[in-house]
Amino acid sequence: MTWRRAIALAACAALLVGAPPFLPPYALTLLTQILIYAIFAMSLDLLLGYTGLASLGHAAYFGIAAYVVAIMTTQHQASFWACLGAALLAACAAAAVFGLVAIRATGVYFLMITLALGMVTWGLAFRWVSLTMGDNGISGIARPSLSSGLSFARPLPFHYLSLVAFLIAFGLLSLIVRSPFGLSLQGIRETERRMRALGYDVWLHKYVAFILSGAFAGLAGAMWAYYDGFVSPVEIHLVTSVETLLMVALGGPGTLVGPVLGAGVIVLFKNLLSIYTKRWLLILGLVYIGVIVLAPKGIVGAVRGAR
Amino acid sequence: MEFWLTQAFNGISYGAMLFLLGSGLSLVFGVMRIVNLAHGSYFLLGGYVGLTTVSRTKSFPLALLSGALSVALIGLGMERLFLRRLSRQSLPQVLMTMGFALVFQDLGLLVWGGDPYTLAVPAFLAQSVQAGPVFVQFYRLFIIAVAFAVGIVLWVFLERTRAGASIRATVDDAEMAQGVGINVPLVSAGVFALGAFLAALGGVVGAGFIGVYPGLDFEVLPYAFVVVIVGGLGSLPGVVVGSLLVGLLDNFGKALFPELSYFTLFAPMALILALKPTGLFGKR
Amino acid sequence: MSAVAALAVTRLCKSFGGLRALQQIDLSLAPGERHAIIGPNGAGKTTLFNLIAGELAPTAGRIALFGQDVTRLPPQRRAALGLARTFQVNTLFPSLTVTENLLLAVQGTLPTKLRLHRPISSYRDLYDRARAVLESVGLVGAGEVIVRTLSHGEQRQLEVALALASRPRLLLLDEPTAGLSLAESQRLTGLLKGLDRSMSLLVIEHDMDVVFDVAERITVLHDGKVIADGDRDEVRANPLVAEIYLGTG
């Protein structure tokens, strides 16, 4: 089992590293997009799948990081490391503040309060025109280059940069969910009451998970700003938050492979479908309904169930 | 002075439309604890159906009726066929309603196209007069009157009828209500249809005022949530206060601090939620 | 031994709305004492546990653990002082394995629980302690089983095992033998009797055989009040107790 797993992981890694130079340009951009959304979906899964907290405002941290990169790049020509550091810090800070407000609530009230906090952030991006350019968004974000002269402007180097970000996120998150702290989060997901009786400060664990999750969402948001070269309030919108929830639910919450698969399916689906039909939104809506009706435990859950 | 009176009047009339939108969402949340992301779609679809009815029949009252009733049927179908099986599973419910919101958005685009429309209101409502310093549009008065009438009817229905008592009992404690013999599934279906009805009514009224266009659904959805969250989940007086507060905050916010206007709207909501998760008038 | 009491409950009251669930309860446990609380359903036994464990806040009165006032402390802080409890209804982590359940219990009072830079599998000492607890309750070999699939009796044993895993100084057991077969119940009684005397024991139990077998002191609760308190023979001989409780059983 573990051997097979290791071989599968190695094969995936080899494919991810070796295949890109041979891919057609469009396929390469899609793959880059998938990697970035996979980071985003995994970050949400730390909350949803491991801690049992369904956030309806997770796009806030993604969006805040993306805006930080956009503003620092276009107005201050800041370096890659400065942008990345500031973006992660901003996402963490936002999660730290929002977490104080949200963590007290449970169940459907947690959904409502994170929805509200997401709306606050979206409202700022939409209306604070002097900072964010409002609905027009900020365009012209240049791809990063390092002081050593290494440039990520072209699609292939940028893809590898995204791959590094993805592998770092995947590695760190794998470590976190397998750590004592990660097990504690799963205990909280299962039975908060027992966790308190066993000596756990449930609030503190949730709060730390909330901030960590915001940080990884921020990493995804920063990469997205560089990838797309354009940031607008759409990045923070409720629809984006819910779409990420769909990725996790579709792939299989409580696993890290699940959100990656979910991100892959949804990104491919949206992009390819919009080529072939104008009615892709309708079909995406049906996918939402279909996932809930047909695969309530996601792809990973369905595969495990079939075994 | 003129500025304050005009903004206050505009705020109250906008709040009246928000009351129609928010009261249904609040009832649905109170009874079923569902975060319904398709609620803005009911508003949009109501507006579209009303638009078509007016263009075919030239009758505004018929537009109100057909818009609200047809969307109530859609809501009923959604509840009976899809949401019922997800009772109390909040995340699947949210994703399900999001799916419907996308489907409705695209169907709206398919049937009515991408152009914005304004519903032609009866001539006597299209007038306006200068009352002292304030420029009074009759249609805004009409919206306030409709909201007032709906509010009274809802209040009488909830407080003075047997069905209303069942709804209130279910809002307080669904399990207990089931225990004392209230048919909770029936109440849920009825309230869901009623919620869609009210939102669609708001949509028809709003179509003569802010118009109807693709994207309106997700534009009004945040407002509906703010109204409900500020006022309290499942409380009718809460929705009245919430919608007036939001209508006024939104108008004054846009006029005074245009850059922060959504913030002035959403920040109080987040604060209220943080301090009192059930809203100003909500009960646990 | 004149050491401070493991548990000292003083004039404890709890009301829910107008309903007075507990009135002026006094209760103390010497270190190492085996103490049972009996009483009919609705007497307030579980409410008392929830107050001692910190899940509920008392309306009035004071609770001290090992000489320290804990009346205002949240449950996790009381656990850190050496309190552990079981629940009347199994309160486990159903989709985790038995070993994972025990690891959670073992690390609950250790600083390890906040570490996130090393996989838990590298903490061999946690696993060793989990295995030891597993053996002591007789669930050997069940380590990799998902808890949801265990039988009720096995889940009940795990319920007790989770409380033992943190090596508490005071253990609260809420009807530990509920739903167990006679053999299972006897096994558990044997386990409880064999527990180290460094641990104090407070048990809510309906099975009088278990009560008289395990406890040396018994407190009788009725309608939220203590109506009798003494050793086995005193309680047995108390006519009020016989009328209200033993007589009906």
Side-chain angles (χ1 to χ4, degrees), chain A residues 48 52 54 56-57 97-98 100-102 104-132 134 233 237-239 241-243 245-246 248-250 253 278-293 296, chain B residues 29 32-35 37-38 78 82-83 85-86 88-107 109-110 218 221-223 225-226 228-230 233 253-254 257-275 277-279 282 284:
Chain A
L48 175 67
L56 263 182
V97 174
F98 288 0
L100 286 179
V101 181
R104 283 198 328 160
T106 52
V108 74
Y109 291 97
F110 184 81
L111 275 176
M112 287 293 264
I113 199 159
T114 48
L115 172 113
L117 292 167
M119 273 160 40
V120 171
T121 317
W122 173 78
L124 275 179
F126 191 71
R127 282 287 161 79
W128 195 349
V129 179
S130 57
L131 184 71
T132 65
H237 199 268
L238 174 66
V239 175
S241 289
V242 181
E243 201 166 284
L245 279 173
L246 176 69
V248 179
L250 170 66
K278 277 182 166 173
R279 296 272 79 82
W280 64 274
L281 210 53
L282 182 89
I283 299 173
L284 184 63
L286 294 176
V287 168
Y288 273 91
I289 299 166
V291 166
I292 299 306
V293 173
Chain B
F29 187 89
M32 303 167 73
R33 298 283 186 274
I34 282 185
V35 179
L37 299 182
M78 247 178 92
F82 292 94
L83 290 171
R85 65 175 90 197
L86 301 173
R88 308 274 144 177
Q89 302 172 47
S90 41
L91 182 67
Q93 284 170 345
V94 167
L95 293 177
M96 180 75 90
T97 59
M98 184 53 142
F100 275 101
L102 295 180
V103 168
F104 292 148
Q105 187 177 26
D106 211 37
L107 285 179
L109 199 62
L110 185 68
F218 279 102
L221 186 66
Y223 283 92
F225 275 107
V226 184
V228 171
I229 290 170
V230 168
L233 303 155
K254 274 179 184 154
F257 323 97
E259 292 235 306
L260 298 175
S261 61
Y262 271 114
F263 191 70
T264 54
L265 196 59
F266 296 147
M269 166 186 69
L271 201 67
I272 287 171
L273 261 185
L275 299 176
T278 49
R284 237 325 141 156

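Quantities reported herein were computed from a predicted structural model and do not represent experimental measurements. We use all heavy atoms of the structure for the numbers below, so side chains are in, but hydrogens, waters and symmetry mates are not. Protein chains get the first letters and strands the later ones, always in sequence-line order, with residue 1 at the start of each.
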Gln93(B): which residues meet the side chain to side chain donor-acceptor pair (under 3.5 Å) condition with it, sequence neighbours left out?
none
The test is side-chain contact (heavy atoms from CB on, under 4.5 Å); show your working for Leu37(B) and Leu115(A) and say whether it passes.
CA-CA 11 Å; Leu37(B) 299 182; Leu115(A) 172 113; 4.1 Å; yes
Looking at chain B, which one of Leu246(A), Leu100(A), Leu111(A) has the largest number of heavy-atom pairs inside 4.5 Å, strictly under?
Leu111(A)
Taking side chain as everything from C-beta outward and backbone as N, CA, C, O, which of these in Leu282(A) sits under 4.5 Å from a heavy atom of chain B? Side chain, backbone, both or neither.
both
Given Val94(B), Leu110(B), Thr97(B), the one with more heavy-atom pairs under 4.5 angstrom with chain A than any other is Leu110(B)
Distance, nearest 0.5 Å, that separates CZ of Phe218(B) from NE2 of His237(A):
7.0 Å
Once rounded to the nearest 0.5 Å, what's the spacing between atom CG of Leu284(A) and atom CG of Leu102(B)?
5.5 Å
Turns out that what part of Val239(A) lies under 4.5 Å from chain B's heavy atoms comes down to both
Would you give the length of the straight line joining atom CG of Leu95(B) to atom CG of Leu250(A), rounded to the nearest 0.5 angstrom?
10.0 Å
Whatever's closer than 4.5 Å to a heavy atom in chain A on Leu86(B) counts as side chain
Looking only at heavy atoms, which two atoms of Ala116(A) and Ile229(B) are closest? And how far apart?
CB-CD1, 4.3 Å
Working to the nearest 0.5 angstrom, can you tell me the gap between Leu91(B) CG and Leu56(A) CG?
7.5 Å
Any residue meeting salt bridge (Lys or Arg N to Asp or Glu O under 4.0 Å) with Arg279(A), in chain and number order, not counting sequence neighbours:
Asp106(B)
Least distance between heavy atoms, Arg33(B) atom then Val108(A) atom:
O-CG2, 3.5 Å
Who among Lys254(B), Arg85(B), Gln89(B) has the most heavy-atom pairs with chain A under 4.5 Å?
Lys254(B)
Can you tell me which portion of Phe104(B) sits under 4.5 Å from chain A's heavy atoms? Options are side chain, backbone, both or neither.
neither
Does any backbone or side-chain atom of Leu48(A) lie under 4.5 Å from a heavy atom of chain B? Answer side chain, backbone, both or neither.
side chain
Check whether Phe100(B) gets within reach of chain A through its side chain, its backbone, both or neither, counting any heavy atom under 4.5 Å.
both
